[in-house]
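Letters A, B, ... are given to chains in the order of the sequence lines, protein chains preceding strands, and every chain is numbered from 1.
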Number of protein chains: 2
Amino acid sequence: MVNNMELIRVYKALSNPTRVQILQWLKEPSKYFPEVYPDGVCVSDIQKKVQLSQSTVSQYLSTLQDVGLIESTRKGQWTYYKRNEVQIKEIKRCIMDHI
Amino acid sequence: MVNNMELIRVYKALSNPTRVQILQWLKEPSKYFPEVYPDGVCVSDIQKKVQLSQSTVSQYLSTLQDVGLIESTRKGQWTYYKRNEVQIKEIKRCIMDHI
DNA sequence: ATTGCATATCGAGATTTCTAAATATATAAT
DNA sequence: ATTATATATTTAGAAATCTCGATATGCAAT
């Protein structure tokens with residue numbers, strides 16, 4: 001269950017076009033990124049596409065992760081991100097009741 | 001059809017707890033407001049409940065209306081607001097595909 | 001015409017978000 | 001040990017949002 005305040009934070013996370021864009025690219029990662037690993041896509045590949053600084057992209061990914069929309073796996077020096085579809089489904093369900 | 005940028009504006013509108021609260025109260029106006037008119041609830045009744053200034057509430061309602069979540073009807077010196085359920089349904093549908 | 005009431009708009013200070021550069025951390029390769 | 005690479009964190013200025021008081025607008029009643 002995603003409560004009221006958590007949903008507000010989800011809306012905040014989604015109220016930035018770049019963050020939403022990333023979330024959408026991650027729906028079909030192989031379509032949008034040069035390499036897709038078992039745990040998702042690495043930060044630098046995402047950064048190349050969004051054309052914002054490395055630190056900004058890293059923070060955006062943290063923001064999306066903080067609200068549960070994506071999840072990360074660290075492997076060596078890389079961090080791979082992918083959508084957390086289970087949580088996204090739950091968030092969607094809650095938004096339906098919320099609005 | 002609600003496009004990408006319009007949805008971003010919807011998320012922005014929803015990323016404020018008070019605005020979401022108002023939207024939720026308007027689901028069952030007679031439960032939360034002293035008087036409900038055919039076209040909805042007047043600004044001053046909403047203002048009394050949220051305990052923010054009149055100008056803030058007026059702007060919040062404009063914000064919600066701008067993105068289509070509520071609609072207004074002016075009758076004399078009053079403006080009544082109610083949910084735009086048709087548009088909300090459409091927005092929900094688009095959010096489902098969007099996220 | 002004037003007064004009073006409901007709402008909208010304007011202007012501004014406080015707070016938050018955006019974004020980058022610089023720095024830190026962690027790992028890999030030499 | 002040193003160097004290089006990937007990512008995270010810190011710091012800070014610019015831009016946007018929040019919120020209010022003041023003012024404007026529009027309508028109703030006198």
Side-chain angles (χ1 to χ4, degrees), chain A residues 5-23 26 29 33-67 69-82, chain B residues 5-23 26 29 33-67 69-82:
Chain A
M5 274 312 170
E6 284 164 354
L7 277 185
I8 299 283
R9 298 203 313 133
V10 170
Y11 297 136
K12 271 192 218 278
L14 294 173
S15 67
N16 175 290
T18 304
R19 285 193 295 264
V20 170
Q21 178 72 267
I22 292 169
L23 201 59
L26 291 176
F33 298 101
E35 280 181 285
V36 182
Y37 301 88
D39 294 306
V41 179
C42 68
V43 179
S44 48
D45 280 351
I46 297 171
Q47 194 254 318
K48 275 172 206 125
K49 267 191 88 73
V50 303
Q51 292 285 44
L52 289 173
S53 75
Q54 184 269 321
S55 73
T56 298
V57 173
S58 180
Q59 282 174 235
Y60 279 5
L61 292 168
S62 287
T63 300
L64 290 171
Q65 183 172 19
D66 287 346
V67 301
L69 290 164
I70 62 178
E71 56 195 326
S72 72
T73 310
R74 183 108 204 194
K75 281 272 168 61
Q77 49 199 324
W78 287 274
T79 306
Y80 300 101
Y81 284 94
K82 67 174 176 184
Chain B
M5 275 311 172
E6 284 164 355
L7 277 184
I8 299 283
R9 298 204 312 134
V10 169
Y11 298 135
K12 271 192 217 279
L14 293 173
S15 66
N16 176 290
T18 304
R19 284 193 296 262
V20 170
Q21 179 72 268
I22 292 170
L23 201 59
L26 290 177
F33 298 101
E35 280 181 285
V36 182
Y37 301 87
D39 294 306
V41 179
C42 67
V43 178
S44 48
D45 281 351
I46 297 172
Q47 194 254 317
K48 274 172 206 126
K49 267 191 89 71
V50 301
Q51 291 287 43
L52 289 173
S53 73
Q54 184 269 321
S55 71
T56 299
V57 174
S58 180
Q59 283 175 233
Y60 279 7
L61 293 168
S62 287
T63 300
L64 290 170
Q65 183 172 20
D66 286 347
V67 301
L69 290 164
I70 61 177
E71 55 194 326
S72 72
T73 311
R74 183 108 204 193
K75 280 274 169 57
Q77 48 198 325
W78 286 274
T79 307
Y80 301 102
Y81 284 94
K82 67 174 175 183

Assess whether side-chain contact (heavy atoms from CB on, under 4.5 Å) is satisfied between B:Leu61 and B:Val57, documenting all intermediate values. CA-CA 6 Å; B:Leu61 293 168; B:Val57 174; 4.0 Å; yes
With side-chain contact (heavy atoms from CB on, under 4.5 Å) as the criterion, how do A:Leu69 and A:Leu14 come out once you've worked through the C-alpha distance, each side chain's angles and the decisive distance to 0.1 Å? CA-CA 10 Å; A:Leu69 290 164; A:Leu14 294 173; 3.9 Å; yes
[X] [atom1] to [N] [atom2]: how many Å, rounded?
X: A:Tyr11; N: D:dT17; atom1: OH; atom2: P; result: 18 Å
X: B:Gln65; N: C:dT7; atom1: CD; atom2: P; result: 14 Å
X: B:Leu14; N: D:dT17; atom1: CG; atom2: C1'; result: 15 Å
X: B:Ile22; N: D:dC18; atom1: CD1; atom2: P; result: 12 Å
X: A:Leu52; N: C:dC18; atom1: CG; atom2: P; result: 11 Å
X: B:Gln59; N: C:dG11; atom1: CD; atom2: C1'; result: 11 Å
X: B:Gln47; N: D:dG21; atom1: CD; atom2: P; result: 11 Å
X: B:Leu61; N: C:dT7; atom1: CG; atom2: P; result: 10 Å

From C:dT17, D:dT7, D:dT9, pick the nucleotide closest to the side chain of A:Lys12?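 It is C:dT17.
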What closest approach, in Å, do B:Glu35 and B:Asp45 show between heavy atoms, and which atom pair accounts for it?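 Heavy-atom minimum between the residues: O-OD2, 4.0 Å.
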A:Gln54 or A:Asn16, whichever maps to the more 5' nucleotide of DNA chain C: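 With A:Gln54 and A:Asn16 compared, the 5'-side residue is A:Asn16.
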Check ion pair A:Asp66-A:Arg9 (N to O, under 4.0 angstrom):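 A salt bridge is absent here (no side-chain N lies under 4.0 Å from a carboxylate O).
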Verify the contact: side-chain N or O of B:Ser62 to OP1 or OP2 of C:dA8, cut-off strictly under 4.0 Å; return yes or no.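 B:Ser62 to C:dA8 OP1/OP2: no side-chain N or O under 4.0 Å.
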DNA chain C contacts among residues 72-81 of chain B, heavy-atom distance under 4.0 Å: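 Residues of residues 72-81 of chain B that come under 4.0 Å of DNA chain C are, in numerical order, B:Arg74, B:Gln77, B:Trp78, B:Thr79, B:Tyr81.
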Test of understanding: with salt bridge (charged side-chain N to carboxylate O under 4.0 Å, His left out), list the residues that count as partners of A:Lys49, not counting sequence neighbours.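 Per chain and number, A:Lys49 pairs via salt bridge (charged side-chain N to carboxylate O under 4.0 Å, His left out) with no residue.
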Touch check for A:Ser58, heavy atoms < 4.0 angstrom, all strands: base, sugar-phosphate only, or nothing?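 Result for A:Ser58 = base.
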Counting any heavy atom closer than 4.0 Å, what does B:Ser53 reach on the DNA or RNA strands: base, sugar-phosphate only, or nothing?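 Result for B:Ser53 = base.
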From the options A:Ile70, A:Asn16, A:Val10, select the one residue that forms a side-chain contact (heavy atoms from CB on, under 4.5 Å) with A:Leu64.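 Of the listed options, the one satisfying the test is A:Ile70.
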Parallel, tilted or perpendicular for A:Tyr80 and A:Tyr37, by the 30°/60° rule?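 Tilted: the ring planes of A:Tyr80 and A:Tyr37 meet at 30° to 60°.
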Could a donor-acceptor pair under 3.5 angstrom be found where the side chain of A:Ser55 meets the base of C:dA21?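 Answer is yes: a donor-acceptor pair is held.
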